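Since this is a predicted model, take the numbers as computed values, not measurements.
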Amino acid sequence: MRKKINLIPIIILIILLGGLLFASTFTLDNVAVNGCVMSNEESVRKAIDDNALMGNTIMLYLNNKLGRKEDIPFVAKMDISFEDKHSVIVDVYEKSVAGCIEYMEKYIYFDKDGIVLETANERYEGVPYIKGLTVKSWELGKKLPIENKKKFETILNITQLVEKYELSISGIEFTADGEVVLWHKNVEIELGDGSNIAVQLMNLGSILESDGLGEKSGVLYMKDYTLENPTASFKGK
């Protein structure tokens, strides 16, 4: 009597081999990265390569669906679009950085609530550099432990207003007398003791735009600018 051959394992093996052969054609050849300003594009590409095991687009897709996250400086999240089996587009969304201070030859970057986001060896353009604040220590993901609480609250108030009114401010400084000075390109903006910050910054954008003031060099005096006395003067250099 002829022995019957069980074909089921063979069929399953053939299907598996076919599936593996098909999957092997999904090679990741093209990665387009958008949105890197402060973040490092090469770090983003490395994270994509790490998630695409053996350079396979299917593995990248699965890891993306599983929500695997990469800790990349200044990156809040990444959206991956699969164009075809060889190409992906990565849209990078960066953390909202409000300012930075210098500490032991490094720059500490924080958000509008004073939470430390990242540290870096370089100072990035477009992020206000804060002078007049000192810290003895800091911890990633924690609020900066500034000794002068009043100054720090003023800084956080300023950074929130700068974001709200979409102002281009490169620096924030406290003078020896405790007065607030902002920098917009080559314009030094004197705001006084900070008691009228909300009104001053609400109108700063339109003042800088008037007569192309923001493109000039000089000092903008707004110490006495209030709702009742909306006056400012400019002295060129």
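E190 and E188 make their closest contact through OE2-OE2, 3.5 Å (heavy atoms, listed as atom of the first residue, atom of the second, distance). Here the closest heavy-atom approach between residue L213 and residue V187 is recorded as O-CG2, 3.6 Å. Between P73 and S39, the shortest heavy-atom contact is O-CB, 3.6 Å. For Y103 against V135, the heavy-atom pair with the smallest separation is CE1-O, 3.3 Å. The shortest non-hydrogen separation linking V44 to I72 is CA-CD1, 4.0 Å. When every heavy atom of L227 is checked against every heavy atom of P230, the shortest pair comes out as O-CD, 3.7 Å.
Note that CD1 of I108 and CD1 of I130 are 12.0 Å apart. Values are rounded to the nearest 0.5 Å. Going from atom OG1 of T154 over to atom CD1 of I197 covers 7.0 Å, rounded to the nearest 0.5 Å. Between the NZ atom of K185 and the NZ atom of K216 there is a distance of 13.5 Å, given to the nearest 0.5 Å. With rounding to the nearest 0.5 Å, the separation of CG in L204 from CG in L161 is 10.5 Å. To the nearest 0.5 Å, the span separating NZ on K235 from CG on L220 amounts to 13.5 Å. To the nearest 0.5 Å, atom NZ of residue K46 and atom CG of residue N51 are 10.0 Å apart.
A donor-acceptor pair under 3.5 Å is formed between the side chain of E94 and the backbone N or O of M38. A distance-only check finds no donor-acceptor pair linking the side chain of D177 to the backbone of E179 [under 3.5 Å]. Between the side chain of Y129 and the main chain of E173, no donor-acceptor pair closer than 3.5 Å is present. Without hydrogens or angle criteria, R123 side chain to Y107 main chain gives no donor-acceptor distance under 3.5 Å. At least one donor-acceptor pair closer than 3.5 Å links the side chain of Y109 to the backbone N or O of Y124. No donor-acceptor pair closer than 3.5 Å links the side chain of E83 to the backbone N or O of I89. Of the possible polar contacts, none joining the D111 side chain to the K95 backbone as a donor-acceptor pair under 3.5 Å is found. Using a distance-only test at 3.5 Å, with no hydrogens or angles considered, a donor-acceptor pair links the side chain of S210 to the main chain of I207.
A 4.5 Å side-chain heavy-atom check between F74 and V37 finds every atom pair outside the cut-off. Counting only heavy atoms from C-beta outward, the side chains of K151 and I146 never approach each other to under 4.5 Å. Counting heavy atoms from C-beta outward, V199 and T226 have side chains that stay 4.5 Å or more apart. Contact of the I101 side chain with the W138 side chain is not registered, since no non-hydrogen atoms from C-beta on lie closer than 4.5 Å. Residues H184 and L167 form no side-chain contact, since every pair of their non-hydrogen atoms from C-beta on lies 4.5 Å or further apart. Using a 4.5 Å heavy-atom threshold, the side chains of D113 and Q160 count as touching. The side-chain heavy atoms of K143 and L156, taken from C-beta on, include a pair separated by under 4.5 Å.
Tested against S87, the residues T57, D29, N30 include a single side-chain hydrogen bond (donor to acceptor under 3.5 Å, both in side chains) partner, N30.
Follow the hydrophobic side-chain contacts under 4.5 Å out from L28 and you reach V33 in the same cluster. Hydrophobic cluster membership is shared by L208 and I172, with clusters built from Ile, Leu, Val, Met, Phe, Trp and Tyr side chains linked at under 4.5 angstrom. I169 and L117 fall into different hydrophobic clusters, defined by Ile, Leu, Val, Met, Phe, Trp and Tyr side-chain heavy atoms under 4.5 Å apart, directly or through other members. No continuous path of ILVMFWY side-chain contacts below 4.5 Å connects V97 to F110, so the two sit in separate hydrophobic clusters. V219 and L182 are not part of a single hydrophobic cluster, where members link through side-chain heavy atoms under 4.5 Å apart.
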Before you tell me yes or no, could you show the steps for Y225 and N196 under side-chain contact (heavy atoms from CB on, under 4.5 Å), namely the whole-Å CA-CA distance, both residues' side-chain angles and the distance that decides it to 0.1 Å? CA-CA 7 Å; Y225 194 103; N196 295 298; over 6 Å; no
I would like to know whether K149 and E153 meet salt bridge (charged side-chain N to carboxylate O under 4.0 Å, His left out); could you show each step before the answer? CA-CA 6 Å; K149 300 297 182 183; E153 290 303 318; over 6 Å; no
Could you walk me through whether N63 and D50 pass the side-chain contact (heavy atoms from CB on, under 4.5 Å) check? CA-CA 10 Å; N63 275 325; D50 289 345; over 6 Å; no
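Using a 4.5 Å cut-off between side-chain heavy atoms of Ile, Leu, Val, Met, Phe, Trp and Tyr, V181 falls into a hydrophobic cluster with W183.
More than 12 heavy atoms of other residues, nucleotides or ligands shown are found within 6.0 angstrom of CZ on F152.
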